[in-house]
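Let me begin by presenting the structure, written as structure tokens, before commenting on it.
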Amino acid sequence: MNLLHHLNPPQKEAVLHGEGPLLILAGAGSGKTRVIVHRIAHLIKELGIPPWQILAVTFTNKAAGEMRERVEKLVGPGEAPLIATFHSACVRILRREIQRLGYDPNFAIYDDKDSEKLLKEVVAELHLDEKRFPAKMFSSAIDECKNAGLLPGDLPTSDYMQEKIAQVYTAYQARLQKCNAVDFGDLILLTVRLFDEHPEVLRHYQDRFRWILVDEYQDTNPVQYRLVKLLAGSLRNLCVVGDDDQSIYRWRGADIRNILDFEQDFPGVKVVKLEQNYRSTRTILTAAGSVVARNRGRKPKTLWTDNPLGEKIVYRRLTDERDEARFVSREIERHVRKGGDLRDVAVFYRTNAQSRVLEDALVADGIPYRMVGAVRFYERLEIKDILAYLKVLDNPADEISLKRIINTPARGIGHATVDKVGELAAARGITLYEALREASSGGLLGAGPRGKLAAFGALMENFRILAGAVSLAELASRLIQETGYADRLKGERTPEADDRLANLQELLSALEEFDRSSGEKGLSAFLEQVALVSDLERSDAGVEAATFMTLHSAKGLEFPLVFIVGMEERLFPHVRALDDPHQMEEERRLCYVGMTRAKERLFLTNARRRRIFGQEQFNSPSRFFDDIPREFLDLEEERQGAGSSQWGTFGRFSQGSHDTDRHNLAAIFETEIEPDFPEVEVVPDEAEDAVYLGMKVRHGKFGVGTIRKVEGEGDNQKVIVWFNTVGPKKLLVRFAGLERV
DNA sequence: CGGCTAGTCATTTTT
DNA sequence: TGACTAGCCG
């Protein structure tokens, strides 16, 4: 197979580049992944590089998975190199080497919640006032430090606050180490520290990974950059791919300078620009480009496309957010009526709070949707509880998990008891788990608590023995039963408790699957996957439903039909960005990312009036409209033949005089639109035999319910179902996938 | 221990 | 406005 066959000249150039640093500036929709995948295949198949000498790094598991799949298609199954996220690549290294830094190889990985809990304890121990020094503040400060690659000793102690942060950071790290745990930031930072402090280890990995590729390079933070630079060493076979215009994670420590200054940092670098877009219509691409073109800190580039001009971008200013949602819902319905597929539709918003009213509207119209990044499976209470048991079995030093389960379900071990054991542990310099055993025999506690601790200790010891003997699914199943966790939930007899039980069942299925596919890799491996993957691969990706997500999670995706809602000043761009030019540039990039997700049709909407935190707001249209050439927009007023001449002034506004101009523009954008989209009139029809009043049905999302009303017939038939969990829902029978119970 | 209430806080969140 | 949480009381 000819690897170069379907590549354009710059793509070929990037694929064929040999040794030495390579920077690929890949605009939106320019075939970036295609280039990386082909480059990897080229290294292996043409240059004869052994796959194990190649390391490809991405930011998400999803991206890594996709890339691996595509590489395997080119080089054959099992022949792909290590393609991993930054975090999982680091875990791999740390599992082998972390003893050099004073941790055990079975270290736990704390998520944000776990580490904040630990931080709270640290703040309390240092007798700091929680009001003046909230744990959250330290949490983000420490996170920033870790992103920047700073150890506690690197912090300036000039002012009081800095000093406190350094103090808490130091104590926090000590506590983490005592728990034999690391947080997300540590995964990267400890790896860098390992390389700094143990040059021979670094040399080993430099020798191993001779070819390195980094995807989404614009999102790397300074430690990640340092890590990459260390690994690339003197061979400098480093290929980074990114787009400065799509850098939207500055607030999380991503440093856009990593990509802007790459050429200075790696003299002699080969730079390839991928500027042909294969995704969007010319209208969409040009409009998006004009929004981001206003930014100062960007690499000059011009995206172009051979695609047709396509339809105009629809702009609508609606009365309020509910009206806006109904508009979206109606347009989606129209798309479906024309024979369109719901999987082609995505709705993006700036803040999660906006999703709710959209959900309501789609539910009311019976249009199925799925929300990306909503409640994560592994973050559910009951799942975290059972996982905490597993974590203690795997790593008894894990104090946070131990404290979580010691009285869950309730077994009469209160705070006072735990505190006493904690003091004992501190005094003896042993772990809480070890102190447990001592306290359950010594004279520290009264007979009651002592007995309860002893019982808990015995329970855990039994499970530890069991853990070595049975499968993970079996272990967890017995854990759920024998700790009384299941009984407690069953006793509640509420829909919520039933949900929880169902979730636990799902956890068991995930464990079974892991037992089957991973070949006895064991508890540590499973917990690691949980920590790093954060969500269960849900099989609903192929379900016919519209997709809702924040603009941030939209990066890397594409849809034929895209809605961006809430295009208003103070919402998008967000209020917090209004007085910070750097943040404003990021908002612009975010807008660019959102718009360039659309392949064929783009809808931009906003609301004149919006309730935010119970407050009415009247926001003018987003300033991003200032930069979209007027001829690319479909405004309703145009159809009515009004006001088009006013558009001559469009686009001339300078950033400096924004506020007054804003009002002019707002006036221009006030378009005559039906204030309301009334509910569809429907004729009840009870003769239909597929569904009937009073029928008990099950819905994939809402569970079991009873049909209270049937409306319409054929494709448009709707039912109102009274669900046990969520109450009444109106559903389109065709889509609801109702199952008779 | 657990259930309630009053007070707080509200951008985005790949791992 | 509404979701979450710390702290109090039964």
Side-chain angles (χ1 to χ4, degrees), chain A residues 57-66 84-91 109-117 120 130-131 134-136 139-140 143 146-147 182-189 215-216 218-221 223-224 246-254 321 348-357 372-376 378-379 381 407-417 452 488 492 528-535 549-557 566 570-578 580 583 586-587 589-591 593-594 610-617:
Chain A
V57 191
T58 64
F59 277 84
T60 67
N61 294 295
K62 197 170 158 225
E66 249 169 57
T85 63
F86 267 103
H87 296 267
S88 61
C90 285
V91 171
I109 301 167
Y110 277 3
D111 66 21
D112 298 340
K113 289 253 170 62
D114 295 331
S115 62
E116 209 176 296
K117 241 183 226 161
K120 256 190 196 141
E130 266 266 17
K131 285 275 176 309
K136 263 203 170 28
S139 167
S140 57
D143 196 48
K146 290 184 175 178
N147 286 338
V182 305
D183 62 20
F184 283 133
D186 280 342
L187 289 174
I188 318 285
L189 186 52
D215 189 20
E216 304 281 16
Q218 74 282 352
D219 290 334
T220 48
N221 61 36
V223 227
Q224 288 165 333
Q246 292 187 63
S247 164
I248 53 174
Y249 286 106
R250 191 180 83 106
W251 51 276
R252 260 175 55 168
E321 73 272 20
F348 305 151
Y349 34 81
R350 177 67 241 264
T351 67
N352 282 118
Q354 291 166 258
S355 68
R356 200 164 166 156
V357 60
V372 172
V375 234
R376 292 184 172 167
Y378 290 121
E379 281 171 16
L381 186 84
N407 200 33
T408 311
R411 47 174 77 88
I413 304 175
H415 282 132
T417 307
K452 285 165 181 165
R488 193 190 60 169
E492 279 185 36
E528 178 179 316
Q529 184 186 297
V530 168
L532 296 182
V533 172
S534 87
D535 209 357
M549 68 183 96
T550 62
L551 283 148
H552 281 88
S553 16
K555 199 180 61 163
L557 305 175
R570 311 186 62 193
L571 190 56
F572 191 33
H574 196 268
V575 230
R576 309 274 277 247
L578 293 186
D580 178 347
Q583 282 203 52
E586 183 138 316
E587 297 286 305
R589 293 192 291 267
L590 194 55
C591 185
V593 167
R610 185 181 297 273
R611 274 188 104 73
I612 290 180
F613 311 144
Q615 291 274 293
E616 298 256 273
Q617 278 190 8

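A, B, ... follow the sequence lines: proteins, then strands. Residue 1 opens every chain.
- For the P atoms, the distance from C:dC4 to B:dT13 is 15 Å, rounded to whole Å.
- Between A:Gln246 atom CD and B:dT12 atom P the separation is 20 Å, expressed in whole Å.
- The closest donor-acceptor contact from the side chain of A:Asp143 to the backbone of A:Gly185 lies at 3.5 Å or more, if one exists at all.
- Nearest nucleotide to the A:Arg611 side chain, out of B:dT13, B:dT11, C:dT1: C:dT1.
- Distances from the side chain of A:Lys120 to the nucleotides B:dT12, B:dT11, C:dA6 place C:dA6 closest.
- Enclosure of atom CD in A:Glu616 by more than 12 non-hydrogen atoms of other residues, nucleotides or ligands within 6.0 angstrom is indicated.
- Backbone-only contact: A:Ser553 has heavy atoms under 4.0 Å from sugar-phosphate atoms and none from a base.
- Comparing A:Leu590 and A:Ala410 by the nucleotide of DNA chain B whose heavy atom lies nearest to each, the residue mapping closer to the 5' end is A:Ala410.
- Look at CZ on A:Phe86: it is 21 Å from P on B:dT13, rounded to the nearest Å.
- The nucleotide whose nearest atom lies closest to any side-chain atom of A:Glu587 is, among B:dT12, B:dT11, B:dG2, B:dT11.
- One interatomic measurement links the two molecules: NE2 of A:His87 to C1' of B:dT13, which rounds to 11 Å at whole-angstrom precision.
- When heavy atoms are screened at a 4.0 angstrom cut-off, A:Gly185 is found touching no nucleic acid atom at all.
- Between A:Lys136 and A:Glu116, at least one side-chain nitrogen of the basic residue sits less than 4.0 Å from a carboxylate oxygen of the acidic one, meeting the salt-bridge criterion.
- Note on A:Asn352: every side-chain N or O is 4.0 Å or more away from OP1 and OP2 of B:dT11.
- Between A:Ile109 atom CD1 and B:dT15 atom P there is a gap of 12 Å when expressed in whole angstrom units.
- Spacing between atom CG of A:Asp112 and atom P of B:dT13 amounts to 13 Å, rounded to whole angstrom units.
- Both geometric conditions, a ring-centre gap below 5.5 Å and a plane tilt below 30°, are fulfilled for A:Phe613 over the base of B:dA10.
- For A:Arg350 (side chain) and A:Phe572 (main-chain N/O), no donor-acceptor pair under 3.5 Å exists by modelled atom type.
- In terms of polar N and O atoms assigned as donor or acceptor, the side chain of A:Arg350 comes within less than 3.5 Å of the base of B:dT12 in a complementary pairing.
- Counting to the nearest Å, the C1' atom of B:dT13 and the CH2 atom of A:Trp251 are 4 Å from each other.
- Atom P of nucleotide B:dT13 and atom CZ of A:Phe348 are separated by 13 Å, given to the nearest angstrom.
- If you check B:dT11, B:dT15, B:dT12 against the side chain of A:Gln583, the one that comes closest is B:dT11.
- Base orientation of B:dT12: anti, the glycosidic angle falling outside 90° of 0.
- Mapping A:Ser88 and A:Arg411 onto DNA chain B by nearest heavy atom places A:Arg411 at the nucleotide closer to the 5' end.
- With A:Lys146 as the partner, the side-chain contact (heavy atoms from CB on, under 4.5 Å) test is satisfied by one option alone out of A:Asp186, A:Ile188, A:Val223: A:Asp186.
- Note on A:Arg589: nothing from the nucleic acid sits closer than 4.0 angstrom, heavy atoms only.
- Using C1' as the reference atom, B:dT11 and C:dA6 are 25 Å apart when rounded to the nearest Å.
- Distances from the side chain of A:His574 to the nucleotides B:dT11, B:dT15, B:dT12 place B:dT11 closest.
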Next item on the list: Run the numbers on A:Leu187 and A:Ile109 for side chain to side chain contact (heavy atoms under 4.5 Å, CB included), then give the verdict.
Entry: CA-CA 8 Å; A:Leu187 289 174; A:Ile109 301 167; 4.3 Å; yes

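- Between A:His415 atom NE2 and C:dC8 atom P there is a gap of 14 Å when expressed in whole angstrom units.
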